[in-house]
Amino acid sequence: MNSILINQSEIFPSKVVCIGRNYVDHIKELNNETPDSMVFFFKPNSSISKSLIFPKGNKSCHYEAEISFLIEENKISAVAFGLDLTLREVQSKLKEKGLPWERAKAFNNSAVFSEFKSFNGELEELSVELYINDELKQKGGVDLMINKPQEIIDELLSFSSFEDGDILMTGTPQGVGEFNIGDIFLGKILYKNETIVEQRFEVL
C-alpha cells in the first residue's frame with residue numbers, strides 16, 4: 001500500500017475523501033453550477049503519491065492545490081499540502097454523459113501530498129498557496145470555503161466513515177490549469193499567514 005509521512009513516520013491511508021466545488025470562484029472558472037449539497041468523491045490508496053508524476057498516455061492534466069487533513073478518530077490531527085490531479089477533458093466528457101469521474105480523478109498517483117504536520121489550531125486561519133516555476137497560481141483559505149472542514153466531516157459521517165489515517169481533501173481555489181513534465185511546483189500551507197508546511201515538487 002502507498003503511504004504518507006507525518007512527523008517522519010509512515011501511515012497507510014485506506015482512502016482519500018475529496019469534496020468538489022467548494023470555492024465559489026473555482027466553480028465560476030469551470031462554468032459549473034453551485035451544488036445544492038456537498039459533492040463527494042473518493043480516491044483509492046493506489047492514487048496516493050509523494051512524487052508529482054505526469055500521467056502516462058495523456059496529453060493534458062490539471063493541477064488542483066488543496067488544504068489536506070489527516071483524520072484520526074473522526075477528527076483532524078494533521079495538515080498537509082495536497083494536489084488533486086485531474087484529467088479535465090476526460091472529466092468533462094464523463095460529466096456530459098452523467099457518468100462517474102473515476103477515470104479522471106482516481107488514477108494512480110493522482111493524489112500528491114507533502115509531509116503532514118500535526119495541527120490543533122484554528123481551522124479558519126489556514127490557507128494554501130501554489131507556485132509553479134516561481135509564479136503564484138493558486139491562493140485560498142478555509143475562510144473562502146463554501147463548506148468548512150468540520151461540516152464536511154460531519155456530512156461524510158452521515159453516510160460513510162473514516163478509517164484512522166484517512167485523508168480529507170477540502171477542494172481547490174480558482175487558478176487551476178495544465179502543467180508539464182519538468183515544471184517546478186512549490187506548495188505551501190499557511191497558518192495566520194505564516195508558512196507551516198512547504199513542499200517542492202519537480203514534475204516527473
Side-chain angles (χ1 to χ4, degrees), residues 1-4 13-35 38-69 80-114 128-133 135-140 145-147 152 156 160 166-187 199-204:
M1 291 182 70
N2 294 333
S3 65
I4 53 98
S14 72
K15 63 182 176 296
V16 182
V17 176
C18 305
I19 184 165
R21 303 184 189 180
N22 202 26
Y23 287 82
V24 171
D25 288 340
H26 174 60
I27 294 172
K28 291 178 179 177
E29 75 176 341
L30 295 185
N31 296 315
N32 287 325
E33 294 182 2
T34 301
M38 297 185 202
V39 177
F40 285 96
F41 59 96
F42 292 177
K43 288 176 178 261
N45 173 272
S46 57
S47 70
I48 294 171
S49 178
K50 302 182 194 73
S51 300
L52 179 46
I53 302 170
F54 195 92
K56 294 180 180 178
N58 292 276
K59 295 180 180 179
S60 173
C61 185
H62 276 204
Y63 58 82
E64 297 185 6
E66 309 201 10
I67 301 172
S68 302
F69 295 110
F81 173 83
L83 287 166
D84 168 19
L85 303 187
T86 304
L87 301 176
R88 189 74 65 203
E89 292 180 7
V90 175
Q91 184 189 34
S92 296
K93 291 178 181 178
L94 293 171
K95 286 195 297 184
E96 287 174 3
K97 297 178 181 179
L99 297 173
W101 298 355
E102 276 80 0
R103 285 181 177 271
K105 287 282 193 179
F107 54 91
N108 288 352
N109 306 310
S110 63
V112 185
F113 299 103
S114 69
V128 62
E129 292 181 356
L130 171 62
Y131 298 81
I132 301 179
N133 301 326
E135 180 181 350
L136 179 62
K137 293 291 189 178
Q138 289 188 275
K139 182 176 182 177
M145 291 180 182
I146 299 171
N147 305 290
I152 300 170
L156 187 281
S160 187
D166 281 354
I167 298 168
L168 172 64
M169 302 188 82
T170 55
T172 192
Q174 69 173 338
V176 303
E178 296 183 355
F179 64 99
N180 300 291
I181 293 172
D183 284 345
I184 303 298
F185 280 53
L186 179 64
Q199 183 72 46
R200 179 182 179 274
F201 302 94
E202 180 175 356
V203 182
L204 303 176

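All heavy atoms count here, side chains included; hydrogens, waters and symmetry mates do not. By convention here, the first residue in the shown sequence is residue 1.
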**Asked** Tell me, which pairs form a salt bridge (charged side-chain N to carboxylate O under 4.0 Å, His left out) where one or both residues lie in residues 167-186, sequence neighbours left out?
**Response**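 Applying salt bridge (charged side-chain N to carboxylate O under 4.0 Å, His left out) to every pair that reaches into residues 167-186, excluding sequence neighbours, yields nothing.
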
**Message:** Test: salt bridge (charged side-chain N to carboxylate O under 4.0 Å, His left out). Region: residues 39-56. Which pairs qualify, not counting sequence neighbours?
**Reply:**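 Qualifying pairs: K43-D84.
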
**Request:** Check step by step if side-chain contact (heavy atoms from CB on, under 4.5 Å) holds for Q138 and T172.
**Result:** CA-CA 8 Å; Q138 289 188 275; T172 192; 2.7 Å; yes

Smallest separation among heavy atoms of [X] and [Y], with atom names:
{"X": "V112", "Y": "N109", "result": "CG2-O, 3.7 Å"}
{"X": "N180", "Y": "V203", "result": "O-CB, 3.4 Å"}
{"X": "F107", "Y": "L87", "result": "CE2-CG, 3.6 Å"}
{"X": "S3", "Y": "P13", "result": "CA-CD, 4.3 Å"}
{"X": "F54", "Y": "N58", "result": "CE2-O, 3.1 Å"}
{"X": "A65", "Y": "F81", "result": "CB-CE1, 3.7 Å"}

Contact between [X] and [Y] at the side-chain level, heavy atoms closer than 4.5 Å - yes or no?
{"X": "I167", "Y": "F69", "result": "no"}
{"X": "L130", "Y": "Y63", "result": "yes"}
{"X": "F42", "Y": "L156", "result": "yes"}
{"X": "F40", "Y": "C18", "result": "no"}

Find the distance between [atom1] ([X]) and [atom2] ([Y]) and round it off to the nearest 0.5 Å.
{"X": "L52", "Y": "R200", "atom1": "CG", "atom2": "CZ", "answer": "11.5 Å"}
{"X": "H62", "Y": "R88", "atom1": "NE2", "atom2": "CZ", "answer": "5.5 Å"}
{"X": "L186", "Y": "E202", "atom1": "CG", "atom2": "CD", "answer": "13.5 Å"}
{"X": "I152", "Y": "M169", "atom1": "CD1", "atom2": "CE", "answer": "11.5 Å"}
{"X": "Q174", "Y": "Y23", "atom1": "CD", "atom2": "OH", "answer": "11.0 Å"}
{"X": "M145", "Y": "I19", "atom1": "CE", "atom2": "CD1", "answer": "9.0 Å"}

**Message:** Taking side-chain contact (heavy atoms from CB on, under 4.5 Å) as the criterion, tell me which of K105, E102, R103 meets it with V90.
**Reply:**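 Going through the options one by one, the only one that passes is R103.
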
Would you check if the side chain of [X] reaches a backbone N or O of [Y] as a donor-acceptor pair within less than 3.5 Å?
{"X": "S49", "Y": "S51", "result": "yes"}
{"X": "Q91", "Y": "A104", "result": "no"}
{"X": "N133", "Y": "I184", "result": "yes"}

**Prompt:** E135: what forms a salt bridge (charged side-chain N to carboxylate O under 4.0 Å, His left out) with it, not counting sequence neighbours?
**Reply:**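 With neighbours one apart ignored, the set is K137.
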
**Asked** Parallel, tilted or perpendicular: which fits the ring planes of F41 and W101, with parallel below 30° and perpendicular above 60°?
**Response**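 Geometry flag for W101 against F41: tilted rings.
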
**Request:** Check the pair D166, V16 against side-chain contact (heavy atoms from CB on, under 4.5 Å), reporting the backbone distance first and the verdict last.
**Result:** CA-CA 6 Å; D166 281 354; V16 182; over 6 Å; no

**Message:** For S60 and E89, which I'm curious about, is there any donor-acceptor pair between the side chains at under 3.5 Å?
**Reply:**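 Side chains of S60 and E89: no pair found under 3.5 Å.
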
**Message:** Could you walk me through whether N45 and K15 satisfy the side-chain contact (heavy atoms from CB on, under 4.5 Å) test, starting with their C-alpha distance in whole Å, then the side-chain angles of each, then the deciding distance to 0.1 Å, before giving a yes or no?
**Reply:** CA-CA 5 Å; N45 173 272; K15 63 182 176 296; over 6 Å; no

**side-chain contact (heavy atoms from CB on, under 4.5 Å) between L85 and F179, intermediate numbers included** = CA-CA 10 Å; L85 303 187; F179 64 99; 4.0 Å; yes

